[in-house]
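Some notes on the structure that comes next.
Both ligands and their constituent atoms are indexed starting at 1 by order of listing. Because the structure is predicted, anything quoted here is derived from the model rather than measured.
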Amino acid sequence: MRELESEAMEAEFGTVAGWTEEAVRALGPGSAVPAGCRGSGSEGALRWLADRLELGAGSRVLDDGAGVGGPAGWLAAERGVRPVCAEPMHAAARAAHRLFGLPSVAAVAQALPFADRSFDAAWCLGVLCTTSDKAAVLTELRRVLRDGGRLGLLVFVADRPLPPPLPEGNDFPGEDEVRELLTAAGLGLLETSVADLGDSPPEWSARADAVDAEVERRHGDDPRWAEAQEQSRRVGRLLADGALRPWLGVAVAG
Ligand SMILES: C[S@@+](CC[C@H](N)C(=O)[O-])C[C@H]1O[C@@H](n2cnc3c(N)ncnc32)[C@H](O)[C@@H]1O
């Protein structure tokens, strides 16, 4: 499997994903969705996107760059679909399967192991900003969606140069760049919004914090924990300063 774009990202999305699964098992299944969604959006953002994906009972749905499967698990519980998770980090792909019972494959978004037009809908949350190969990711998403299929995106966009220290390995696009890449990939943007990352139910934060505390208790002396914490602190600071915006978009495969 191809490596991610920095060691810090390997720690954050690989090693810590495995530790998160371990902690969720210790604390119980109620922690799985909140802890699994920590790296991306809020419940409000997931709901906004899900409402626009035109999902029905038998919809074939892809979660591209699914992490440990929190958003896919939420979608399965809330909308009665069974998303397929694709995620390059083996520990995370395994966790998505074990925690949520969802089909999960270890794959990078630039080379998805699915036939053309395999899915009615897809979402890709917090992934475009982790790779410089954005055109290939969107082209693959277009390929695996049926004509008229919907794509939901959460992208952390930067409209101006970001003040350091920056999270390692990220490549935050501008909103204009995302719009141009979508058009070039044959994906027509229908609607956009800005996520309110603070609008999850209070018990989500409490449960996610408890999972973090459990991971820290077990692995707090491992340097990869400190590294992953520093990565998310840096992203958090850029979001709090308004330098990064959590941009939501829904596009249709044309
Ligand atoms: C911020 S996390 C978001 C995870 C999940 N989508 C969520 O919303 O909770 C970014 C994810 O993108 C994955 N990722 C990074 N580069 C990728 C690529 N080239 N193809 C697919 N996934 C990638 C990482 O392994 C990580 O799981």
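Listed by first then second residue, pairs satisfying salt bridge (Lys or Arg N to Asp or Glu O under 4.0 Å) with a partner in residues 98-116 read Glu21-Arg98, Asp116-Arg143, not counting sequence neighbours. Annotation: side chain to side chain donor-acceptor pair (under 3.5 Å) contacts involving residues 158-168, sequence neighbours excluded, comprise Asp159-Arg245.
Using a 4.0 Å cut-off between charged nitrogen and carboxylate oxygen, Glu214 and Arg217 count as a salt-bridge pair. Ionic pairing of Asp51 and Arg47 is not present here: no N-O contact between side-chain nitrogen and carboxylate oxygen is shorter than 4.0 angstrom.
Taking all heavy atoms of Ala109, Pro88, Ala45, Ala17 into account, the minimum distance to atom 22 (N) of ligand 1 is reached by Pro88. In this structure, of Asn170, Thr130, Val235, the residue bringing a heavy atom nearest to atom 14 (N) of ligand 1 is Thr130.
If you take CG on Leu128 and CG on Leu182, they are separated by 8.0 Å, rounding to the nearest 0.5 Å. Within the model, atoms CG of Leu239 and CZ of Arg234 stand 14.5 Å from one another, a figure rounded to the nearest 0.5 Å. Here Trp74 contributes atom CH2 and Asp63 contributes atom CG; the two are 12.0 Å apart, rounded to the nearest 0.5 Å.
Using a 4.0 Å cut-off between heavy atoms, Cys124 makes no contact with ligand 1 at all. Contact annotation: for Val68 versus ligand 1, there are no heavy atoms closer than 4.0 Å. With a 4.0 Å cut-off on non-hydrogen atoms, Gln110 touches ligand 1 through its side chain and not its backbone.
In summary, the atoms of ligand 1 found under 4.0 Å from a heavy atom of Val127, numbered by their order in the structure, are 12 (O), 22 (N), 23 (C). For ligand 1, the atoms closer than 4.0 angstrom to any heavy atom of Glu87 are 13 (C), 24 (C), 25 (O), 26 (C), 27 (O). When each atom of ligand 1 is checked for a heavy atom of Gly67 under 4.0 Å away, the hits are 4 (C), 5 (C), 27 (O). Close contacts between ligand 1 and Leu125 involve ligand atoms 3 (C), 5 (C), 6 (N), 8 (O) [criterion: under 4.0 Å to a heavy atom]. Near Gly126, meaning under 4.0 Å from one of its heavy atoms, ligand 1 places the atoms 1 (C), 10 (C). Atoms of ligand 1 lying under 4.0 Å from any heavy atom of Met89, numbered from 1 in the order shown and given with element: 25 (O). Atom numbering of ligand 1 starts at 1 in the shown order; those under 4.0 Å from a heavy atom of Gly65 are 4 (C), 5 (C), 6 (N), 11 (C), 22 (N). Residue Leu4 approaches ligand 1 through these ligand atoms, each under 4.0 Å from one of its heavy atoms: 15 (C), 16 (N), 25 (O).
Proximity of Gly36 to ligand 1 is established by a heavy-atom distance of less than 4.0 Å. Residue Pro71 places a heavy atom less than 4.0 Å from ligand 1.
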Run Arg233 and Glu230 through salt bridge (Lys or Arg N to Asp or Glu O under 4.0 Å) and show every step you take.
CA-CA 5 Å; Arg233 251 194 308 276; Glu230 178 59 23; 3.2 Å; yes
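Each of Leu53, Leu75, Val81 was checked for a side chain to side chain contact (heavy atoms under 4.5 Å, CB included) with Ser59, and the lone residue meeting it is Val81.
By the 30° and 60° cut-offs, the orientation of the rings of Trp19 relative to Trp225 is tilted.
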